[in-house]
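Worksheet: one structure, shown below.
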Amino acid sequence: MSKKKQNQSIMYDVSKLIFLSIIGALFLFPEHRIFLISVLIIFLIYPFIFRMIKEIANTKKLQKSGIKQIDEMNGIQFEYYLKALFLGLGYKPTVTKASYDFGADVVLNGPKRIVIQAKCYGPKNKVGIEAIQQIFAAKAFYKADDAWVVTNRSFTPSAIQLAKSCQVSLIGRDELTELILSIQEKNPQLDLPLKQDNQISYDCKRCGSPLTLRTGKRGSFYGCTSFPACKHTEALQS
C-alpha cells in the first residue's frame, strides 16, 4: 500500500471513531444534545467545505501557472516554452533540431547536463514507455547527467515503472505546475511565452530558419520560411 493510501486509511479510521464517539455521547449526555448535534453537523459538512476550499485554491494555482495556456500549445511551442522556463533556473537550454535530436527535445547545460523529452498532449492522452526509452538513449548519446520527461499530462503505469528502472525523472502536470510557480516566485520578471500568436516566433529544428503560420489543404500548420529549400513543418496540435 502506498503512503498516500495509508494516510487515507488512517484518516478514514479516525473519522469513523470520531463519528461513533459523537453518536455515543448523544445517548450518554442527552442534556447536551443540542451542542452535540451541532458538533455532528459541523463534522459531517467539514469534508465538503474543505474540498471546496482546496478546489478553489487549486484552480487559482492552475490559473497563475498558466497550465491552461500550455494545454493549447503544440509540440514545438512547448519545447520553446520549456527553454524559457529553465532559463529561470540558471541553465543554458538548447532546443534540438528535429532531424538530429537523438531522443532529446531540449538539452540543459549548467551545473549538470540534462536531456529532456517534451510531450504536450491532449486531455485523453498519457505519456507511454516510448518516451522513456528515447530519453534513456539520449542520455547516453549526449553524455548527460540526468534524463527527464516533461509533460502537461500524466504517465502510463508502464512508463512510470520503466522510468524507475532507468532512473529517468518524470515531471507530470502537477510537478510542472509546482515548478512553474516556484520559478515565477524566484524570477517574477521572467518572460514566459504563454501567449501564442500567428507571428514568426520559432526556429526550424531542421535548418534553423524561422517558422511561420501557413494554411494548406489540411488546415493550418507551421512551415519553414526557407521553403522550398527546407520543407520542414510542425503541426498546430501535438
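Side-chain atoms are counted along with the backbone in the values below, which use heavy atoms only and exclude waters and symmetry mates. Bear in mind the structure is a predicted one, so any value in this text is a computation, not a measurement.
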Are the side chain of Thr151 and the backbone of Arg153 linked by a donor-acceptor contact shorter than 3.5 Å? yes

Would you say the side chain of Ile116 lies within less than 4.5 Å of the side chain of Val107, judging by non-hydrogen atoms? no

Taking every non-hydrogen atom, the tightest pair across Val95 and Glu79: CG1-OE1, 3.6 Å

Rounded to the nearest 0.5 Å, the CH2 atom of Trp148 sits from the OG atom of Ser169 at a distance of 7.0 Å

Stepwise side chain to side chain contact (heavy atoms under 4.5 Å, CB included) test for Leu179 and Leu85: CA-CA 9 Å; Leu179 179 62; Leu85 183 67; 4.3 Å; yes

Using a 3.5 Å distance criterion without hydrogens, assess whether the side chain of Gln117 forms a donor-acceptor pair with backbone atoms of Gly103. yes

Starting at CG of Leu89, measure out to OG of Ser182 and round the result to the nearest 0.5 Å. 6.5 Å

When you compare the side chain of Val149 with that of Phe155, does any pair of heavy atoms fall below 4.5 Å? yes

Applying a strict under-4.5 Å side-chain criterion to I, L, V, M, F, W and Y, I'd like to know whether Ile41 and Phe35 cluster together. yes

For Lys164, check side chain to side chain contact (heavy atoms under 4.5 Å, CB included) against everything at least two apart and list the hits. Ile160

Minimal heavy-atom distance between Tyr81 and Met73, with the atoms involved, is CD1-CE, 3.8 Å

Asn152 to Phe78 - nearest heavy-atom pair and separation: N-CZ, 4.3 Å

Answer yes or no: is there an ion pair linking Lys119 with Asp105, defined by an N-O contact shorter than 4.0 Å? no

Side-chain heavy atoms of Ile114 within contact of Tyr91, under 4.5 Å: yes

Considering non-hydrogen atoms only, spot the tightest contact between Val115 and Ala104 and give its length. CB-CB, 4.0 Å

Please table the atom pairs, donor to acceptor, closer than 3.5 Å between any side-chain atom in residues 137-144 and protein atoms at least two apart or in another chain.
unit_1	atom_1	unit_2	atom_2	d
Tyr142	OH	Asp101	O	2.8

Is the number of heavy atoms from other residues, nucleotides or ligands under 6.0 Å of Ile34 CD1 greater than 12? no

Could you go through Val150 and Val106, starting from their C-alpha distance and side-chain angles, then the distance that decides it, and tell me whether this counts as side chain to side chain contact (heavy atoms under 4.5 Å, CB included)? CA-CA 10 Å; Val150 182; Val106 182; over 6 Å; no

Could you measure the distance from the CG atom of Leu108 to the CG atom of Leu87? Nearest 0.5 Å is fine. 9.0 Å

More than 12 heavy atoms of other residues, nucleotides or ligands under 6.0 Å from CD of Glu175: yes or no? yes

Would you name the heavy atoms of Ile129 and Thr156 that are closest together and state the gap between them? N-OG1, 4.4 Å

Summary of salt bridge (charged side-chain N to carboxylate O under 4.0 Å, His left out) pairs that have at least one residue in residues 84-96, sequence neighbours excluded: none

List the steps, then state whether side chain to side chain contact (heavy atoms under 4.5 Å, CB included) holds for Val127 with Tyr121. CA-CA 8 Å; Val127 180; Tyr121 283 164; 3.8 Å; yes

Determine yes or no for a side-chain-to-main-chain donor-acceptor pair under 3.5 angstrom, with Gln77 supplying the side chain and Asn74 the backbone. yes

Under a 4.0 Å threshold between the charged nitrogen and the carboxylate oxygen, would Asp145 count as salt-bridged to Arg113? no

Heavy-atom neighbours of Glu31 CD exceed 12 at 6.0 Å: yes

For the student: nearest non-hydrogen atoms of Leu176 and Ile171, plus distance: N-CG2, 3.7 Å

